[in-house]
Amino acid sequence: MPASRPASSRPAPISGRRRGSWPVLRAVRRYFGFSRRETSGFVVLLGLIVLWLVLPRLLRPALPAYDPAPTSSSSTLGLRN
């Protein structure tokens, strides 16, 4: 029978908890008093707001350049002097 290891004085780590959360998220949580779920929702909402503000510039169609002197002659358009 194999010898068992002695029990350590430290508790087993919790697998669901992240130790390396981002410092910005931690600062937002502390400043506003948000829970972790509220902080992640806040970040998602901020991302959606930024996307909403940037999207019109990304989806704007290219406007045609204005040419005050067209290349076609007036005779081809059926105009007479």
Chemist: Hey, quick one: are Val43 and Trp22 part of the same hydrophobic cluster, counting side-chain heavy atoms closer than 4.5 Å, chains of contacts allowed?
Modeler: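 Per the 4.5 Å side-chain linkage, Val43 and Trp22 are co-clustered.
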Chemist: With a 4.5 Å cut-off on side-chain heavy-atom distances among I, L, V, M, F, W and Y, is there a chain of contacts connecting Val54 to Ile49?
Modeler: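 No, it is not one cluster - the side chains of Val54 and Ile49 are not joined through contacts under 4.5 Å.
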Chemist: Could you give the distance from CG (Leu51) to CG (Leu46), rounded to the nearest 0.5 Å?
Modeler: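 Here the interatomic distance stands at 12.5 Å.
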Chemist: State the CG-CZ distance between Leu25 and Phe42, to the nearest 0.5 angstrom.
Modeler: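 Reported to 0.5 Å precision, the distance equals 10.5 Å.
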Chemist: Which residues pass the ring-ring contact (aromatic ring centres under 6.0 Å, His included) test with Tyr31, sequence neighbours left out?
Modeler: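 Not a single residue meets the ring-ring contact (aromatic ring centres under 6.0 Å, His included) criterion with Tyr31.
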Chemist: When rounded to the nearest 0.5 angstrom, what distance separates CZ in Arg37 from CZ in Arg29?
Modeler: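 Atom-to-atom, Arg37:CZ and Arg29:CZ are 14.0 Å apart.
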